[in-house]
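Basis for what follows: all heavy atoms, side chains included, without hydrogens, waters or symmetry-related copies.
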Amino acid sequence: MPLVLFSIKFYTSHDMSENKLLCAVVFLTSLVCLARSQGTGFVHSATLDADGRYNIKWGFDESTITFEAEVETKGYIGFGLSPNGAMASSDIVIGGVLNGNPYLVDYFTDSNREVQRDPQQSYRLLYGRENDTHTVLAFSRNLQTCDDNDKVITGSTVRVIWAFHAEDVGVSGPVYHGMNRGRKSVRLLNPGTSSSIPAGTAFFDLQNEKVPVPQKDTTYWCQIFKFPELKRKHHVIRIEPLIQKGHENLVHHILLYQCDSNLNKSEINWGHECYHPNMPDSFFTCETVVFAWAIGGEGFTYPPHVGMSIGTSIDPVYVQMEIHFDNPSLQRGIVDSSGLRLYYSPSLRRYDAGVIETGVWVSLYHMLPPGMQDYITEGHCTQECLQESLDSEMPSGVNVFAVLLHAHLAGRGIRTRHFRQHGDSLITECRYNTRGRINMTWGGLSTRDEMCLSYLLYYPRVNLARCESLPEISGQLKFIGVREIQEPVTTWPFVIKSPKKYSNLSFTEAMDKYRWTRKRGKAFNDVVRKLPMNVRCSKMGQDEWSIQGMIVSSPELKSEQASAAVVACRNNSQTQCEGSLSLLLTVCLLLILQTYLHMSTVISMSYIPVHTYHMSPLAPTIPNYCH
């Protein structure tokens, strides 16, 4: 930052209080910080409700996030961060414009959903205005506030909750919002949303056309498309979701699979419910994931040296787009035309991108006991699978540049870790909360079932599509006392033979019959994480590496590299600018007050250079005593 000098004059008199003098110094600090804020803008935006009445914009840097909410109301606006999309244990801010004056208050809710004023006010009001129909509020906060009542904002998907009311907040607090509320999953710190691609870049759309969404909880809809016919290789450089307006909470995720190039051409552009007995045979040839998007994400731009290859003999010709519709309220009459837009260019990048699906193989063998506050499952991409595939294709290794982590409603956190112990291995760890559930939660396709998946985007591309694991079922059954199953296995789920209390029950029924407690659930978790694993190691298409289906032992982890340092906490959520200048301001303030208390004249003061200090790009909020 260049040299900054300020020369100010304070006119002191006996009717000027110390508080007003202090305000002038604090205001000067605000001006210094504001000088660094000119480049801050709202890069991201989202509509939170189906009717377009609640809209937000936001931008962020390495330590701070700033929001602007525009809502169709002249009363209060509520905005919050929830652990699961519900009201309980949420971090909330409520504000509005009352008699022309904007206001903002930091609240939180306890486990009983009771709204309480937060003793540490971490949100900073930037501005507010309203007209005859709408209220606009802008506010900011640190990503890490060091307040137990606030949620830390990370790169993960965040459950944003929202509400509004026709009345402003009164003396007794905010009035209940009624039906003017909702939730939305958003990636607030999404680094892949930049759409800075050359003007005029060609694109094509893969889009459903008026698909009737069934009146049921979960639907997977599949349709096969053909990529454009190209005479030479091109690179896809950006992919964007095309979500039909009003269906932002209906479309849960979109996967794009590469299909066999020799499929039945008559089935192109066909749509059918996925995983259905009557699904056309060609749909079963679509095995390799080439792109993945999930609720809360935005568009994705590939790094400047990487692109998804199309137009060569090994590239996708036919693809299957799978859309997961989540319709828990069983709405009827819904018709959807969502899809994807792919931008592509003849200007080739250095590397071809690939996608590896890793985590827990989707199966009923992935099971979570009820009533658990913190249950952990692990999916392994084993060193045996990685070694076989990489040694054959790319002995020097590959580079991961992005990841999509995916779980369902019970999910609370996911991470993928990389270990180097006599060979590389990956572990995708998912943390779940099943409190309030009375039966087992099963691995499966429904949003009420669970997944633990990690899609790694990497380069250079190799012939590895899936690298996953599944804990052996025999050890899980042994835990609840199962001794024998009925053989040969002719039904799914298979049936228990002994002991008598489980006789003729399916293994899922036996698991539900077991009397689970939190202590037993914890013990079961410890057992499952140590069980031998069934390895899934498949190539693109329907081929497999030789390690596929083998049973391997869980690795003994000797070390785990420490994660990147968390941004240092700041007392009272003060900006770096305030922290950097605190000593300087204290000295100046003491000198000013000392002079003020002994004379009533004009004081001239020049600020010393501040170019050595790191300033936050956001101006701090002037304390309340300045108003």
Seminar exercise, completed: What one should report as the nearest heavy-atom pair of Thr135 and Gly75 is OG1-O, 4.0 Å
Seminar exercise, completed: In Tyr220, Phe291, Phe325, the residue satisfying ring-ring contact (aromatic ring centres under 6.0 Å, His included) with His253 is Tyr220
Problem set entry | Arg113, CZ atom: more than 12 neighbouring heavy atoms under 6.0 Å | no
Exercise. In terms of heavy-atom contacts, does NZ of Lys57 have more than 12 from other residues, nucleotides or ligands at under 6.0 Å?
Worked result: no
Problem set entry | Side-chain donor or acceptor of His276 paired with backbone N/O of Asn278 under 3.5 Å | yes
Exercise. Any sub-3.5 Å donor-acceptor pair from Ser82's side-chain atoms to Ser90's backbone N or O?
Worked result: no
For this session: Flag the pair Phe283 / Trp221 as yes when their ring centroid distance falls below 6.0 Å, and as no otherwise.
Result: no
Problem set entry | Worked check of salt bridge (charged side-chain N to carboxylate O under 4.0 Å, His left out) between Asp352 and Arg461 | CA-CA 6 Å; Asp352 293 340; Arg461 179 177 59 178; 3.8 Å; yes
Problem set entry | SG-SG distance Cys537 to Cys467 under 2.5 Å | no
Problem set entry | Straight-line distance of Tyr455 OH to Arg466 CZ, nearest 0.5 Å | 7.5 Å
Exercise. Backbone N or O of Gly52 within a donor-acceptor pair of the Asn55 side chain at under 3.5 Å?
Worked result: yes
For this session: For the pair Leu505 and Asp512, evaluate side-chain contact (heavy atoms from CB on, under 4.5 Å) and give the outcome as yes or no after the intermediate values.
Result: CA-CA 10 Å; Leu505 296 180; Asp512 274 333; over 6 Å; no
Exercise. Ignoring hydrogens and geometry, is there a side-chain-to-backbone donor-acceptor pair from Gln476 to Tyr365 under 3.5 Å?
Worked result: yes
Exercise. Between Met87 and Ile92, is any pair of side-chain heavy atoms under 4.5 Å apart?
Worked result: yes
For this session: Report yes if the side chains of Glu429 and Arg529 come closer than 4.5 Å at any heavy-atom pair, otherwise no.
Result: yes
Exercise. Any side-chain heavy-atom pair from Glu248 and Asp49 closer than 4.5 angstrom?
Worked result: no
Exercise. Between Tyr375 and Gly521, which heavy-atom pair has the shortest distance, and what is it?
Worked result: CE1-O, 3.8 Å
Exercise. Are the side chains of Arg141 and Asp91 in touch, meaning some heavy atoms are under 4.5 Å apart?
Worked result: yes
Exercise. Between Thr358 (side chain) and Ser454 (backbone), is there a donor-acceptor pair under 3.5 Å?
Worked result: no
Seminar exercise, completed: Taking every heavy atom of Trp516 against every heavy atom of Met511, the minimum-distance pair comes out as NE1-O, 2.9 Å
Exercise. Is Cys430 close enough to Cys452 that their SG atoms are under 2.5 Å apart?
Worked result: yes
For this session: Please tell me if the side chains of Leu81 and Val160 come closer than 4.5 Å, counting only heavy atoms from C-beta onward.
Result: yes
Seminar exercise, completed: CG of Asp260 to CD of Glu287, rounded to nearest 0.5 Å, is 10.5 Å
Exercise. Does atom CD of Glu209 have more than 12 heavy-atom neighbours, drawn from other residues, nucleotides or ligands, at distances under 6.0 Å?
Worked result: no
Problem set entry | Minimum-distance pair of heavy atoms, taken over all atoms of Lys539 and Asn463 | CB-OD1, 3.4 Å
Exercise. Do Ser111 and Ser89 meet the criterion of a side-chain donor-acceptor pair at a distance under 3.5 Å?
Worked result: no
Problem set entry | Side-chain heavy atoms of Arg53 within contact of Val71, under 4.5 Å | no
Exercise. What are the two closest non-hydrogen atoms of Ser469 and Met533, and how far apart are they?
Worked result: OG-SD, 3.8 Å
Exercise. Can you tell me if the gamma sulfurs of Cys286 and Cys222 fall under 2.5 Å?
Worked result: no
Exercise. What do you reckon, are the aromatic ring centroids of Phe507 and Phe494 less than 6.0 Å apart?
Worked result: yes
Problem set entry | Sub-4.5 Å side-chain heavy-atom contact between Arg159 and Arg183 | no
Problem set entry | Evaluation steps, side-chain contact (heavy atoms from CB on, under 4.5 Å), between Leu426 and Leu456 | CA-CA 11 Å; Leu426 301 169; Leu456 305 178; 3.5 Å; yes
Exercise. Is there a donor-acceptor pair under 3.5 Å between the side chain of Trp293 and the backbone N or O of Pro241?
Worked result: no
Problem set entry | From NZ (Lys513) to CG (Asn439), nearest 0.5 Å | 14.0 Å
For this session: Determine whether more than 12 heavy atoms belonging to other residues, nucleotides or ligands lie under 6.0 Å from atom CZ of Arg435.
Result: no
Exercise. Hey, do the aromatic rings of Phe300 and Tyr302 have their centres closer than 6.0 Å?
Worked result: yes
For this session: Grab the two heavy atoms, one from Gln244 and one from Val335, that are nearest each other, plus how far apart they are.
Result: NE2-O, 3.4 Å
Exercise. When rounded to the nearest 0.5 angstrom, what distance separates OG in Ser45 from CZ in Phe67?
Worked result: 13.0 Å
For this session: Step through the shown structure and confirm whether more than 12 heavy atoms of other residues, nucleotides or ligands are within 6.0 Å of CG on Leu330.
Result: yes
Problem set entry | Option from Val528, Ile473, Thr441 for which side-chain contact (heavy atoms from CB on, under 4.5 Å) with Met367 holds | Ile473
Exercise. Do the side chains of Pro471 and Thr377 get nearer than 4.5 Å, heavy atoms only?
Worked result: no
For this session: May I ask you to decide if Gly371's main-chain N or O and Thr434's side chain share a donor-acceptor pair within less than 3.5 Å?
Result: yes
Problem set entry | Straight-line distance of Lys184 NZ to Ile161 CD1, nearest 0.5 Å | 15.0 Å
Problem set entry | Working for side-chain contact (heavy atoms from CB on, under 4.5 Å), residues Leu453 and Glu468 | CA-CA 9 Å; Leu453 294 175; Glu468 301 166 322; 3.5 Å; yes
Exercise. With sequence neighbours left out, which residue pairs that include part of residues 333-345 fulfil the side chain to side chain donor-acceptor pair (under 3.5 Å) condition?
Worked result: Asp205-Arg341, His247-Asp336, Asp336-Ser338
Exercise. Passes side-chain contact (heavy atoms from CB on, under 4.5 Å), Val93 versus Phe139? Steps please.
Worked result: CA-CA 9 Å; Val93 63; Phe139 49 92; 3.9 Å; yes
Exercise. Can you tell me if Glu450 uses its side chain to pair, donor with acceptor, with the backbone of Ala410 under 3.5 Å?
Worked result: yes
For this session: Please confirm whether the backbone N or O of Leu470 pairs with a side-chain atom of His366, one donor and one acceptor, at under 3.5 Å?
Result: no
Problem set entry | Under-4.0 Å salt bridge between Asp326 and Arg448 | yes
Exercise. Got a second to check how far Ile224's CD1 is from Tyr257's OH, nearest 0.5 Å?
Worked result: 12.5 Å
